[in-house]
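Take a look at the structure below.
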Amino acid sequence: MSDIIQLLPDHVANQIAAGEVVQRPASVVKEMLENSIDAGASLVELLIKDAGRTLVQVIDNGAGMSATDARMSFERHATSKLRKAEDLFALSTMGFRGEALASIAAVAHIELKTKPHDAELGTQIIIEGSDIKDQSPCACEPGTSLAVKNLFFNIPARRNFLKSDNVELNHIMDEFNRIALIHPEVAFHVYNNGKQTISLPSTNLKLRIISLMGNSFQSKLVPIEQNTQNIHISGFIATPDAARRTRGDQFFFVNKRFIKHPYLHHAIDKAYSELIPQGYFPGYFISIDVDPQTIDVNIHPTKTEIKFTDDKLMYGFLTACVKRTLGINSLTPTLDFNTEQYFNVDNMPKDYIPKEPTLNLNPSYNPFSNPNPPSNRKAVGSSYSPQTAFNSEREENNAQNWNKLYEFPEQNIDQISTVTSIQSSLDLAPIDDEMHDSAIFQFNRKYIVSKIKSGILLIDQQAAHERILFEKYLQRIQNSRAVIQQTLFPQSINYSASEAELIREISKELFQLGFDIQEFGQNSFIVNGTPSDIEDGDVKQIIDGILENFKNNLISHRLDKEVNIALSMAKCASIKHGTLLSQIEMHNIIDELFACEVNEVSPSGRKTTVTIIDNQLNNLFN
């Protein structure tokens, strides 16, 4: 039998290694920024073009490299961080594997310029797919400039798997934030497609958090500090009122390295468990310093996973530390009977007699009669006004779908009283007299129940409303027919650097929806006008929800920008499960749902309606 095992060429081995180390442009940014930090840089510039596809360049004023070191840095397993295996458990640097530059060079065009501070000339190296094209002396500034161009130029399949520019740029900003947050002593500048988007001077941790995450954290950060012989915890936690429905403000650092550790995240959630609503997540920026011998970071090529020698000890210590901080800063609910004033009664004179109150009674008053019935209140959302005007196409769709599904049998008084009694026992929405003929009611504040000619129709109120609003907002964006309601007092909103960049990216679509947003300073905006169908107090919450949903949709789906914006807005503005609806609101939901072009499913793919036919009901009782 002939030999079939052979040693792979270096360039093939490097491309295989690149599959683990270099997953997307953000991976390149992470490795290059960590190298700059390890080199002792006090100023780092990051240049991005086309979300990293065309260019990722990092320029720093660090130690620089000699000509020999510059050449060796692109060899596999060549590193200045380790000398022996025991050094893995005494790491004080970000990088240590010696794989990053070799892997990047295998799938991109590289241009390196570097010079030590005590040298007269630097070194320039040009590499294309692991092939060194040139190495020569050059004149350059002290430090290192590394440009990675045309990423994945020799692996078209990997390049095609990259997502949209918005998605890749968000990943890049996530990696940048993780490094910039824990190194506030380093100044950073970020340029995207030739325009400076971030400028961070050297500062302290609190100001760095505010600069990156938004001015809204100005008054919501609480310092956390705890020292023991083996563990040092420092940083900031956010007040409970700053909790958000989505994750994104949670940062753990161990020995200056960002980590993902669900077990420790659960420890923080446990400490906040009685302070924030279910489904919300607290924000925190916690740095943990431990003996390097008590952790193992050599688990995954991305170096974001870590193992502690005693996870349970760290869990308990962290939970106790956060709870103590919340208690010290009076952020936990307390009841102090010594200072409670509501039960104190001033001393009264002995001969004091309370005056008997005068009661005006109307013997003819009947609490069950209502001579002035309340007018129909405004229904949920702009879609649910009784005067809503439909265009002819929607009216035709409504009529056709309605005729297929509904009939309106007359009911006698016994039937009406039966429905009313069931309604009262199940906490159903009140039924108006003029609506009795439709036999429509709300169940569990989640579903609308209606009789149809074949049985019973169940409507998911949230999914149905999402479908209605989605088609409405998409049409509004495409036709640019938004009605902007100018606010009496413009509202200021602040965001993190990545979220601010996203707002700039979708500002046109937001304006078409009815948001008049003007940029006001770095990462700050002024809202001068809002869509006519939302309340002024909901502006910040609605925009937050749009951004979160938009980012999530970018990651999970390849959606057109207009579709994504309409879907994100619909999810935020739709009525939620648990909302009590009136009869007029339920009727309008049904009317508008069956006037939609697609009424069977929500824009997220959830069913809007379920039909239970008579035979199915009969089988339940057999």
Side-chain angles (χ1 to χ4, degrees), residues 174 177-178 181-182 205-206 209-210 212-214 216-292 294-297 299-300 302-336 496 541 544-545 548 551-552 576-578:
D174 286 342
N177 288 342
R178 293 165 181 174
L181 276 173
I182 198 58
L205 178 58
K206 183 175 182 179
I209 294 173
I210 295 171
L212 285 174
M213 309 308 294
S216 60
F217 280 92
Q218 179 80 42
S219 59
K220 297 180 179 180
L221 293 177
V222 179
I224 183 173
E225 186 84 21
Q226 189 68 44
N227 284 307
T228 67
Q229 183 176 358
N230 300 318
I231 304 173
H232 175 215
I233 292 180
S234 61
F236 293 88
I237 59 176
T239 56
D241 62 329
R244 301 174 65 175
R245 285 185 175 273
T246 56
R247 295 191 181 272
D249 300 334
Q250 295 78 31
F251 293 87
F252 267 126
F253 303 94
V254 174
N255 293 355
K256 300 287 186 179
R257 185 190 307 279
F258 173 81
I259 67 164
K260 297 178 181 178
H261 205 295
Y263 190 54
L264 294 187
H265 283 293
H266 186 270
I268 303 294
D269 292 340
K270 181 180 179 181
Y272 277 86
S273 59
E274 299 178 0
L275 304 177
I276 60 177
Q278 186 175 4
Y280 282 74
F281 303 99
Y284 47 85
F285 309 85
I286 297 178
S287 176
I288 304 174
D289 292 317
V290 297
D291 186 345
T294 63
I295 59 175
D296 184 6
V297 299
I299 298 175
H300 192 273
T302 60
K303 300 185 288 288
T304 56
E305 298 180 14
I306 193 171
K307 284 187 177 180
F308 293 90
T309 55
D310 193 339
D311 287 340
K312 292 183 178 180
L313 174 64
M314 182 60 66
Y315 181 98
F317 183 77
L318 188 60
T319 302
C321 182
V322 174
K323 283 187 174 182
R324 176 178 176 274
T325 302
L326 292 171
I328 290 176
N329 291 274
S330 302
L331 299 177
T332 55
T334 59
L335 183 61
D336 190 347
S496 66
Q541 183 178 357
D544 285 348
E548 293 295 339
K551 289 188 291 186
N552 293 336
K576 303 299 185 288
H577 290 154

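Just the heavy atoms: all of them, side chains too, but no hydrogens, waters or symmetry mates, feed the values below.
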Return the set of residues passing side chain to side chain donor-acceptor pair (under 3.5 Å) with His261 (not counting sequence neighbours), or none when no residue passes. none

Closest heavy-atom pair, Lys323 versus Lys270, reported as atoms and distance to 0.1 Å, is CE-O, 4.2 Å

Rounded to the nearest 0.5 Å, what separates atom CD1 in Ile286 from atom CZ in Phe253? 10.5 Å

Would you mind reporting whether Ile306 and Arg257 have side-chain heavy atoms less than 4.5 Å apart? no

Any residue meeting ring pair (Phe, Tyr, Trp, His ring centres under 6.0 Å) with Tyr272, in chain and number order, not counting sequence neighbours: none

For residues 230-238, dump all side-chain donor-acceptor pairs below 3.5 Å to protein atoms at least two apart in sequence or in another chain.
{"unit_1": "His232", "atom_1": "NE2", "unit_2": "Glu225", "atom_2": "OE2", "d": "2.7"}
{"unit_1": "His232", "atom_1": "NE2", "unit_2": "Asn227", "atom_2": "OD1", "d": "3.2"}

Partners meeting side chain to side chain donor-acceptor pair (under 3.5 Å) with Tyr263 (sequence neighbours left out): none

Run the side chain to side chain contact (heavy atoms under 4.5 Å, CB included) test on Phe308 and Val254 for me, step by step, so that the C-alpha distance in whole Å, both residues' side-chain angles and the decisive distance to 0.1 Å come before the verdict. CA-CA 10 Å; Phe308 293 90; Val254 174; 3.9 Å; yes

Heavy-atom pair with the smallest gap, counting every atom of Thr325 and Pro223: CG2-O, 3.3 Å

How long is the straight-line distance from OG1 of Thr309 back to CG of Asp291, given to the nearest 0.5 Å? 9.0 Å

CZ (Arg324) and CD1 (Ile224) are apart, to the nearest 0.5 Å, by 9.0 Å

Could you tell me whether His577 atom NE2 has more than 12 heavy atoms of other residues or ligands within 6.0 Å of it? yes

Enter the distance from His265:NE2 to Phe281:CZ here, rounded to the nearest 0.5 Å. 11.0 Å

Rounding to 0.5 Å, atoms CG (Asn255) and CD1 (Ile295) come to a distance of 4.5 Å

For the atom pair CZ (Phe285) and CG (Leu221), what is the distance rounded to the nearest 0.5 Å? 6.5 Å

For Asp289, check salt bridge (Lys or Arg N to Asp or Glu O under 4.0 Å) against everything at least two apart and list the hits. none

Salt bridge (Lys or Arg N to Asp or Glu O under 4.0 Å) partners for Arg244, two or more places apart: Asp249, Glu499, Glu548

Does a sphere of radius 6.0 Å around NZ in Lys576 hold more than 12 heavy atoms from other residues, nucleotides or ligands, not counting ones at 6.0 Å or beyond? yes

Residue pair Pro240 / Leu275: nearest heavy atoms and the distance that separates them: CB-O, 3.8 Å

Mind checking whether Phe252 and Tyr284 have parallel, tilted or perpendicular rings, split at 30° and 60°? tilted

